[in-house]
Amino acid sequence: MSASASASSLPSSSSPSIILTNPTPLERTRTWLYNQTEWGNSLTVADYLEREEYLLSIPLARNGGITNWILTDDAATPQNGERPVLAACETLRKRALVRNQDGSVHDVWAYGVASVFTLKEFRGRGYAGKMMELLRGYMAAQQRETGEPAFSVLFSDIGRLFYAKHGWLPLENTQIEFRVRSDAELDTSSVTLIHEEHLAELAERDELLVRKEMAKPNAVDASKTRVAVIPDLDALQWHFYREAFICNAAFGRKPTVHGALYTSPSTGSRVWGLFERNHYGGPEQPEKNLISFLRFVVEDESISDDELSTAVVGIFRAAEKEAKDWSCSKVEIWNPLERVRKAAEAATEFETTFVVRQDKNLASLNWFGEGATEDVDWVVNERFEWC
Ligand SMILES: CC(C)(COP(=O)(O)OP(=O)(O)OC[C@H]1O[C@@H](n2cnc3c(N)ncnc32)[C@H](O)[C@@H]1OP(=O)(O)O)[C@@H](O)C(=O)NCCC(=O)NCCS
């Protein structure tokens with residue numbers, strides 16, 4: 001069924017025959033053909049289809065970690081074996097933690113929702129809204145039956161209202177960012193670069209730190225439920241594999257530097273930042289490309305201000321150096337710790353700006369347990385959770 005041929009006879013989104021289901025492989029390919037117009041960026045259609053297929057096989061997504069969804073009309077006659085794709089999205093299963101109001105901490109699954117899409121010709125008829133309503137209903141029912149998913153996250157590019165109607169509320173959405181200097185000589189001798197072989201140890205250590213944090217109550221209101229997606233190796237590798245594919249298609253090479261790490265000479269404690277390159281513009285449009293920190297970790301909170309400042313400067317310079325090497329014009333870090341933000345602002349060489357995101361990449365949470373989503377404390381709400 002071509003889009004134009006069917007647009008005139010589209011079913012109502014409130015029709016009882018409208019269902020949320022999983023696509024066949026052919027239907028799934030159609031969802032990619034539809035949404036590559038929006039998210040193909042610098043990739044050719046063939047590269048985009050190859051990337052989407054590839055993304056099903058990488059960490060986090062492999063072994064049933066990803067589920068594709070379509071909204072379709074159960075009453076429609078399939079054309080060439082395919083049902084109409086009225087809207088589509090996917091969910092990614094992520095390891096997570098919940099600290100309940102009684103102080104107990106549990107390992108759970110959370111679902112990230114991604115790639116919410118309706119073909120242009122089908123928009124404004126309530127299909128995406130219906131899909132989110134059904135998806136939320138499905139997740140909430142699963143949660144009641146099995147306890148999971150305990151919560152869901154997504155990153156809205158369409159403002160605060162649409163997803164909030166269906167329970168995904170934008171919570172903390174701040175960032176600091178700075179423009180990459182073209183002429184600066186960057187001394188990065190205070191840090192070491194993070195490569196593939198360092199990731200497993202750092203992710204393991206980070207998970208321990210997140211567990212330690214989750215064992216504590218919220219500092220302001222001890223009765224708050226706390227949730228965290230775990231920044232484990234799979235969660236990080238999903239970004240790095242995806243990034244490598246895009247870089248290879250656009251530049252013919254893959255990044256080897258995934259971040260930078262500072263070690264305190266006085267205590268041995270570490271500060272590190274992991275980052276990815278986001279090439280929305282490809283090599284020709286560096287102004288659209290940026291480096292995003294996936295995770296920024298301060299291993300020991302008692303590190304002195306001076307050392308933290310040296311760490312932040314070194315890690316930012318390393319990110320800037322990579323940005324220059326990969327045609328990126330900006331560096332950003334989401335929801336930085338207050339002390340990291342202060343250190344960044346004090347380091348005047350970067351001219352950082354503090355931004356509260358209003359429209360794009362709004363980290364949004366849907367909590368399925370007792371109590372309201374707006375009362376939940378979302379710990380380590382950083383870019384590594386994006387999907
Ligand atoms: C966003 C999208 C999925 C909506 O699909 P749809 O089937 O038309 O959605 P519905 O008809 O259920 O709802 C449309 C609502 O979304 C809102 N909306 C759509 N695009 C929007 C945008 N860019 N910014 C803010 N709101 C937007 C509409 O204003 C409308 O609001 P209303 O219900 O208060 O009238 C579709 O426009 C799309 O695929 N866009 C391109 C991809 C995209 O941006 N996806 C979201 C990624 S987070």
Side-chain angles (χ1 to χ4, degrees), residues 1 3-4 6-21 23 27-43 45 48-49 51-52 55 66-73 76 83-92 94 110-139 152-171 173 175 238-239 242 278 280-281 288 292 334 356-366 381 383 385-387:
M1 176 173 78
S4 52
S6 57
S8 56
S9 55
L10 288 168
S12 157
S13 58
S14 59
S15 156
S17 60
I18 297 294
I19 56 164
L20 179 72
T21 187
E27 290 163 350
R28 189 174 59 206
T29 302
R30 185 129 56 86
T31 67
W32 297 334
L33 279 171
Y34 282 178
N35 67 30
Q36 63 82 25
T37 52
E38 188 77 24
W39 294 310
N41 296 317
S42 58
L43 296 178
V45 176
Y48 184 78
L49 293 183
R51 184 191 79 180
E52 292 305 297
L55 289 183
I66 193 166
T67 307
N68 295 87
W69 299 96
I70 56 168
L71 188 82
T72 190
D73 183 3
R83 297 165 293 180
V85 174
L86 302 173
C89 68
E90 56 198 25
T91 49
L92 280 138
K94 296 163 185 240
Y111 284 165
V113 182
S115 309
V116 172
F117 191 84
T118 301
L119 189 67
K120 262 204 178 87
E121 290 84 337
F122 298 172
R123 287 182 193 165
R125 294 168 181 264
Y127 291 143
K130 184 72 186 176
M131 179 173 70
M132 297 313 292
E133 179 194 319
L134 293 174
L135 190 60
R136 182 200 193 179
Y138 166 81
M139 289 186 191
S152 170
V153 297
L154 61 76
F155 294 81
S156 171
D157 281 341
I158 54 170
R160 316 178 77 81
L161 298 179
F162 175 74
Y163 293 109
K165 263 193 221 167
H166 304 287
W168 280 267
L169 300 185
L171 296 184
N173 281 290
Q175 65 186 51
W238 183 83
H239 286 268
R242 187 174 174 279
N278 279 304
Y280 298 113
K288 290 190 177 170
S292 307
W334 292 4
V356 179
R357 295 194 299 278
Q358 301 292 348
D359 300 316
K360 299 277 175 204
N361 283 320
L362 297 183
S364 307
L365 181 78
N366 202 340
N381 170 1
R383 169 88 190 181
E385 291 163 273
W386 180 91
C387 58

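Atoms within a ligand are numbered from 1 in the order they appear, just like the ligands themselves.
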the protein heavy atom lying closest to atom 25 (C) of ligand 1 turns out to be I158 O, 3.1 Å
(request) State, yes or no, whether a side-chain contact exists between Y163 and I158 at a heavy-atom distance under 4.5 Å. (result) yes
Problem set entry | ligand 1 N/O within reach of G124 N/O, cut-off under 3.5 Å | yes
Out of R125, M131, K165, E38, the nearest non-hydrogen contact to atom 32 (P) of ligand 1 is supplied by K165
heavy-atom search around atom 47 (C) of ligand 1 in the protein gives Y163 OH, 3.8 Å
| Do N361 and D157 come within less than 4.5 Å of each other through their side chains, counting heavy atoms only? | yes
(message) I'd like to check atom 7 (O) of ligand 1 in this structure: does the protein have a heavy atom lying under 4.0 Å from it?
(response) yes
For F162, the ring-ring contact (aromatic ring centres under 6.0 Å, His included) test, sequence neighbours excluded, returns H166
Counting from 1 in the order shown, the ligand 1 atoms closer than 4.0 Å to a non-hydrogen atom of F117 are 39 (O), 42 (C)
G129 N/O to ligand 1 N/O under 3.5 Å: yes
**Message:** Can you confirm whether some protein heavy atom lies under 4.0 Å from atom 35 (O) of ligand 1, or whether none does?
**Reply:** no
Q.
Treating S152 as the side-chain partner and Y111 as the backbone partner, does any N or O pair qualify as donor plus acceptor under 3.5 Å?
A. yes
If you scan protein heavy atoms around atom 11 (O) of ligand 1, the nearest is G126 N, 2.7 Å
For atom 42 (C) of ligand 1, is the nearest protein heavy atom under 4.0 Å away? yes
**Q.** Under-4.0 Å protein heavy-atom contact, atom 38 (C) of ligand 1
**A.** yes
Between the CG atom in L71 and the NZ atom in K130, the distance rounded to the nearest 0.5 Å is 8.0 Å
Numbered in order shown, the ligand 1 atoms found under 4.0 Å of a heavy atom of D157 are 48 (S)
**Message:** Do M132 and V113 make a side-chain contact, defined as non-hydrogen atoms from C-beta onward lying under 4.5 Å apart?
**Reply:** yes
Exercise. Atom 28 (C) of ligand 1: protein heavy atom closer than 4.0 Å?
Worked result: no
Quiz item: Given side chains that start at C-beta, do those of T21 and R83 come closer than 4.5 Å, heavy atoms only?
Solution: yes
*Answer yes or no: is there a side-chain heavy-atom contact under 4.5 Å between Q36 and L49?*
no
Rounding to 0.5 Å, atoms OG1 (T37) and CZ (F117) come to a distance of 4.0 Å
Quick look: Y34 vs ligand 1, heavy-atom contacts under 4.0 Å, and the answer is neither
| Min N/O separation F162 to ligand 1 under 3.5 Å | no
min-distance protein heavy atom vs atom 3 (C) of ligand 1 -> A128 CB, 3.7 Å
(Q) What I want to know is whether V116 and ligand 1 share at least one N or O pair that is separated by under 3.5 angstrom. (A) yes
Please check atom 1 (C) of ligand 1 for a protein heavy-atom neighbour under 4.0 Å. yes
NZ of K288 to CG of N278, rounded to nearest 0.5 Å, is 14.0 Å
Exercise for review: Would you kindly check if the NZ (Lys) or CZ (Arg) of R51 is within the cone defined by 45 degrees around the ring axis of W32 and under 6.0 Å from the six-membered ring centre?
Suggested key: no
